[in-house]
Trainee: 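My questions all concern the structure below.
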Amino acid sequence: MRLRFAPSPTGALHIGGARTALYNWLLARGGGGELLLRIEDTDRERSTPENVEQIFDALRWLGLDWDGDPVFQSRRAPRHAEVLARLLDSGRAYHSNATAQDVRAFKDRHGSDKGFRGEPEPGGAVRLHAGEGEPLRVADVIRGETVFAREHMDDPVIARADGSVLYNFAVAVDDLDAGITHVVRGEDHLSNTPKQLLVFEALGAQAPVYAHLPLLHGPDGKKLSKRHGAASVQELRDAGYLPEAVRNYLALLGWGHGDDTKLSTDELQRLFRLEDVSRNPARFDEQKLRWLNGLYVRELSPRELAARLEEFTGRANLLEAARISQEKIQTLADFWPLSGFLFDGPRDDPQARERVLERNGAHDVLAQAREALAAAEGFDPDAVEAALRAVVEARGVKPKDVFQPVRVAIAGTTVSPGIFESVATLGRAETLRRIDAVLGP
RNA sequence: GCCCCCAUGGUGUAACGGUUAGCACGCGAGCCUUUCACGCUCGAAGCGGGAGUUCGACUCUCCCUGGGGGUACCA
């Protein structure tokens, strides 16, 4: 099995493209196949080095590798010209000056379901004869056979008047030269496939097996875009998702294995089959990604989580904070808002202070908790718990009547990791300092 | 307009002619509980519509409707 992922570098790698890359990669890595990366950069304006770098970057972060050096389609221009000349010589292609208007005029005369047929002329763009007779059949692993009648097709333009070739021609030639056996790509290419089939046919070559993946949509069913939140791989990374969780989630958009939801990358490689890919378009549901990401976050060792958090936040020494935050965060981005107070001081949440600290008795409770913590023997979570529970006991109040004031005193808000762990992580001196700051002189 | 693809709860999917239509996210209720989470229990929610085929259709066929893609001397 020889596969390829062929993005055009027109911007960030979208999650749809990421899923296409993932499926190709799963197939190659799961079945001893090969995966080529081809950059389709023949659109001179949109293909910038920065955009190419973004693609590499996204694939690297996702953990998807490829075999050999990436192929840049633009550098294959000489080869394309050579094949084009061959087609012209053999009469399978011809020069034509017909414009889009001419094509429309042709359809006005012959019916809008009649494909345009041109006359060979001395110059102009190059068109391929679509011919007549047997229809073109796209053998698609996912959707079965799709038939395209030649009569419906216009003779496709395969090269501009200046000799530069067009996408559908370049793709077919490149896939052929690379010995690609399976083309796995988005469904938006299905309608283009007959044009590519025409190229294979004109070259007397056999076409690869195709698999057109259902498209990915935003939550509203429309095309995925920035306003749907994280729509590109880099945005996913910035939003604090783990690459392994993203791989898992993306694999599930359009594919599944029984009732399984959480599937490791190893399992995905083993279980993924093109035949099981769904035919319906799927919507990107960030809530489910968040949930799944939370599963992966909780599965990490505290050391590993700390390492990821350190890279994500750019801060150091997060091990203890990571440990006590682990079951409360779903993404790496959730960490700092929850536990940043351990490092940067209490957060400023006037509402929390008002509701918790300015209640009757709160100061007395806090003063008593302070004394208990000051006198505690040791300062690990157990010692802290013993000290604070003693205060609860002594005052005959509910646990939260003691814990919440302490929490707001040290964190500035009503939400934090477990109070005993938080206090212990903060340390005795800092805890007392923060409580004193609330109690005032 | 023309060509093509698709159609199970809000979302992702399972069922491959006979099931009380399963699972997961999300949502609601409850339990747990120091906040928030996690976890557990329970619950609401679905086969787009119409004709066929068949003893029997979510499953097969056709039509309609709805969504999507293509229709460039873009990729």
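Proteins get letters first, then strands, A, B, ... in listed order; numbering begins at 1 in each.
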Trainee: Quick one: is A:R160 getting a side-chain N or O under 4.0 Å of the B:rC74 phosphate, OP1 or OP2?
Mentor: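 Looking at the OP1 and OP2 atoms of B:rC74, one of them is under 4.0 Å from a side-chain N or O of A:R160.
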
Trainee: Would you say A:R19 reaches B:rG12's phosphate, i.e. side-chain N/O to OP1/OP2 under 4.0 Å?
Mentor: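 No, because none of the side-chain N or O atoms of A:R19 sits under 4.0 Å from OP1 or OP2 of B:rG12.
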
Trainee: Working to the nearest 0.5 Å, report the span between CG of A:L332 and OG1 of A:T313.
Mentor: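 If we round to the nearest 0.5 Å, A:L332:CG and A:T313:OG1 are 9.0 Å apart.
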
Trainee: Which whole number of Å gives the distance between the P atom of B:rG46 and that of B:rG10?
Mentor: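 Here B:rG46 and B:rG10 have their P atoms 7 Å from each other.
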
Trainee: Side-chain N or O of A:N280 versus OP1/OP2 of B:rU8: is the shortest distance under 4.0 Å?
Mentor: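 The answer is yes; a side-chain N or O of A:N280 sits under 4.0 Å from OP1 or OP2.
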
Trainee: Looking for any heavy atom pair under 4.0 Å, which part of the strands does A:E40 touch: base, sugar-phosphate only, or nothing?
Mentor: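 The answer is sugar-phosphate, as A:E40 gets under 4.0 Å only of primed atoms, P, OP1 or OP2.
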
Trainee: Using the P atoms only, state how far B:rA15 lies from B:rG28, rounded to an integer number of Å.
Mentor: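 It works out to 31 Å between them.
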
Trainee: Looking at A:L274, A:V184, A:V277, which one forms a side chain to side chain contact (heavy atoms under 4.5 Å, CB included) with A:V141?
Mentor: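 Result for side chain to side chain contact (heavy atoms under 4.5 Å, CB included) with A:V141: A:L274.
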
Trainee: Taking atom types as they are modelled, is there a donor-acceptor pair under 3.5 Å from the base of B:rU34 to the side chain of A:R407?
Mentor: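 Flag set: donor-acceptor pair detected.
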
Trainee: Can you tell me how far P in B:rG50 sits from the matching atom in B:rA44, rounded to whole Å?
Mentor: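 Per the computed distance, 25 Å lies between those P atoms.
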
Trainee: Quick one: is A:R298 getting a side-chain N or O under 4.0 Å of the B:rA37 phosphate, OP1 or OP2?
Mentor: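 The answer is no; no side-chain N or O of A:R298 sits under 4.0 Å from OP1 or OP2.
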
Trainee: Taking the P atom in each of B:rC60 and B:rU8, what is the distance between them to the nearest angstrom?
Mentor: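 Each nucleotide's P atom is 13 Å from the other's.
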
Trainee: Write down the distance separating the P atoms in B:rG18 and B:rA57, rounded off to the nearest Å.
Mentor: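 Those two atoms are separated by 11 Å.
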
Trainee: Within less than 4.0 Å of OP1 or OP2 of B:rG70, is there a side-chain N or O belonging to A:N192?
Mentor: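 A:N192 to B:rG70 OP1/OP2: no side-chain N or O under 4.0 Å.
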
Trainee: Record whether the side chain of A:K288 comes under 3.5 Å of the base of B:rA24 through a donor-acceptor pair of N or O atoms.
Mentor: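 Yes.
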
